[in-house]
Amino acid sequence: MSEQLDYRRQSEAVKDRFDRLKQRPVTLEVKGLTKQFQTHDGQLITALNQIDLKVYKREFVCVIGPSGCGKSTLIRILAGLESATSGEVLLDGKPVSKPGPERGMVFQAYTLFPWLTVKQNIMFGLIESGQSKFTAEAEARQWAELIGLGKFENHYPDQLSGGMKQRVAIARALANQPKILLMDEPFGALDAQTRARMQAYLMEIWKNIDVTVFFITHDLDEAVYLADRVLVLKANPGEVEELIEVPVPQPRHPEQALSDEFLATKLHIERLIHPPGQDEEEHLNLVNMVNIASDVGSIL
Ligand code: ADP
Ligand code: MG
């Protein structure tokens with residue numbers, strides 16, 4: 001079934017969706033981006049090599065790739081927290097060189113200010129950007145309601161679950177009305193059920209808010225479920241392996257994870273990241289299991 005289905009064999013509706021997507025304005029453009037690090041012993045590591053990418057307005061792009069392929073380095077450069085060795089990053093055509101309110105960040109680690117309440121955490125950026133305390137408070141209240149934490153607006157982060165903390169982090173990032181939301185494995189530390197709820201919840205927010213999302217994950221299901229397109233990176237040096245148009249129709253529903261398009265896309269990405277036959281140890285384990293099964297008689 002999904003083995004035979006080529007994820008690239010797009011239906012007319014899917015082709016049309018991506019044709020229309022590419023006619024939108026470009027929100028983020030990455031041009032020939034290269035980043036090298038010098039290690040303690042003087043060695044030069046090329047974390048990212050000649051990355052080119054265009055992300056369109058209100059698009060949802062997921063980035064996936066093996067550990068160490070430069071995902072976090074890429075998002076930190078987009079955020080302006082790190083500088084590129086060469087190449088450039090443009091947001092709405094303007095070069096990015098330092099952090100700015102038009103880019104909201106959400107990290108895997110919980111980054112709320114522990115000494116501030118939910119409401120004060122959300123207000124923080126609004127006051128920084130010059131809003132009065134009165135307006136910032138009213139807006140923060142609305143956000144707390146929107147993320148279902150109205151009753152918790154006066155709670156402190158350590159009184160919240162991991163999922164709730166990340167909801168506040170998303171609200172805090174979105175309250176500044178960024179053009180793009182940059183997320184580095186934001187649900188990576190959550191249990192599977194909470195993560196699934198957070199994904200559905202992020203999709204719901206994205207449907208209703210005019211924001212482009214750039215989302216790093218190491219979870220294949222998460223990437224295919226959330227993304228319009230998935231950027232697959234390879235390691236040593238970090239380069240673009242493929243940019244995949246996910247043929248699963250939008251808006252997404254969890255049941256689509258069982259569809260042929262979903263499974264075929266997932267399988268394709270899995271093979272890009274873990275080419276078959278590359279991992280000898282996994283292969284040996286499988287042989288052992290077959291032997292054990294034949295000792296006790298076939299149960300298949
Ligand atoms: P990922 O997020 O995909 O796991 P990273 O972006 O964290 O990968 O790292 C990419 C590569 O760059 C790795 O080899 C890592 O060791 C190296 N690297 C990242 N940050 C630094 C740094 N500040 N100094 C030296 N090397 C770094
Ligand atoms: Mg990382």
Side-chain angles (χ1 to χ4, degrees), residues 28-53 55 60-89 91 96-99 103-112 162 165-166 169-170 173 180-192 194-195 198-199 202 212-227 229-244 246 266 268-275 278-279:
L28 175 75
E29 183 163 12
V30 177
K31 291 209 271 198
L33 187 74
T34 294
K35 176 69 180 180
Q36 293 178 323
F37 290 109
Q38 186 118 35
T39 60
H40 297 302
D41 52 8
Q43 245 188 308
L44 212 55
I45 297 177
T46 303
L48 295 167
N49 189 41
Q50 292 291 329
I51 306 285
D52 289 306
L53 174 71
V55 179
F60 201 125
V61 168
C62 281
V63 183
I64 199 163
S67 178
C69 69
K71 303 182 292 296
S72 293
T73 303
L74 175 60
I75 210 162
R76 287 175 58 79
I77 294 173
L78 301 185
L81 296 169
E82 192 116 50
S83 61
T85 305
S86 60
E88 61 177 346
V89 175
L91 191 76
V96 160
S97 58
K98 55 183 193 329
R103 281 156 290 144
M105 277 292 293
V106 181
F107 300 92
Q108 175 177 339
Y110 305 128
T111 54
L112 298 180
K165 282 184 215 175
Q166 288 305 65
I170 293 170
I180 192 162
L181 189 58
L182 303 170
M183 308 181 88
D184 191 356
E185 307 203 20
F187 309 146
L190 303 175
D191 64 83
T194 308
R195 188 189 311 170
M198 291 297 290
Q199 289 164 357
L202 179 62
T212 305
V213 185
F214 192 85
F215 186 109
I216 289 178
T217 179
H218 60 257
D219 184 314
L220 269 172
D221 285 279
E222 184 165 78
V224 180
Y225 177 55
L226 294 175
R229 292 187 298 161
V230 177
L231 177 72
V232 183
L233 295 181
K234 59 183 172 192
N236 301 314
E239 286 179 342
V240 174
E241 171 93 56
E242 202 173 316
L243 185 56
I244 290 163
V246 179
K266 201 177 128 182
H268 176 76
I269 300 175
E270 184 150 8
R271 286 191 175 151
L272 285 177
I273 300 175
H274 304 116
Q278 235 190 26
D279 204 330

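Remember, it's 1-based here, ligands and their atoms both numbered in the order they're listed. These figures come from a predicted structure and were not determined experimentally.
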Of all heavy-atom pairs between I51 and G238, which one has the smallest distance, and what is that distance?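 Smallest interatomic distance, heavy atoms only, reads CD1-O, 3.7 Å.
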Please state which option from Q38, H40, K71, E82 has its nearest heavy atom closest to atom 3 (O) of ligand 1.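 Comparing heavy atoms across Q38, H40, K71, E82, the nearest one to atom 3 (O) of ligand 1 lies in K71.
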Closest to atom 2 (O) of ligand 1 (heavy atoms only, candidates A235, G238, S72) is S72
[Y] and [X], any side-chain heavy atoms less than 4.5 Å apart:
| X | Y | value |
| --- | --- | --- |
| F214 | L74 | yes |
| F60 | L202 | yes |
| I64 | L272 | no |

Taking 2.8 Å as the cut-off, does S72 contribute an N, O or S atom near the Mg ion (ligand 2), distance below it?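 Within the cut-off used here (under 2.8 Å), S72 does place an N, O or S atom near the Mg ion (ligand 2).
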Ionic contact status for D221 with K266, cut-off 4.0 Å: yes
Point-to-point distance, once rounded to the nearest 0.5 Å, from CD1 of I216 to CG of L78: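 Answer for the CD1-CG pair, I216 versus L78, is 8.0 Å.
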Hey, is ligand 1 close enough to C69 that some N/O pair sits below 3.5 Å? yes
Can an N or O of A47 be found at a distance shorter than 3.5 Å from an N or O of ligand 1?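 In this structure, A47 places no N or O atom under 3.5 Å from an N or O of ligand 1.
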Counting non-hydrogen protein atoms only, what is the nearest one to [atom]? Give residue, atom name and distance.
| atom | result |
| --- | --- |
| atom 6 (O) of ligand 1 | T73 OG1, 2.5 Å |
| atom 24 (N) of ligand 1 | F37 CD2, 3.5 Å |
| atom 1 (P) of ligand 1 | G68 N, 3.5 Å |

If you scan the protein for heavy atoms around atom 15 (C) of ligand 1, do you find one that is closer than 4.0 Å? no
Per-atom filter on ligand 1: closer than 4.0 angstrom to a heavy atom of G70 are 1 (P), 3 (O), 5 (P), 6 (O), 8 (O), 10 (C)
Side chains of E185 and T217: any donor to acceptor distance under 3.5 Å? no
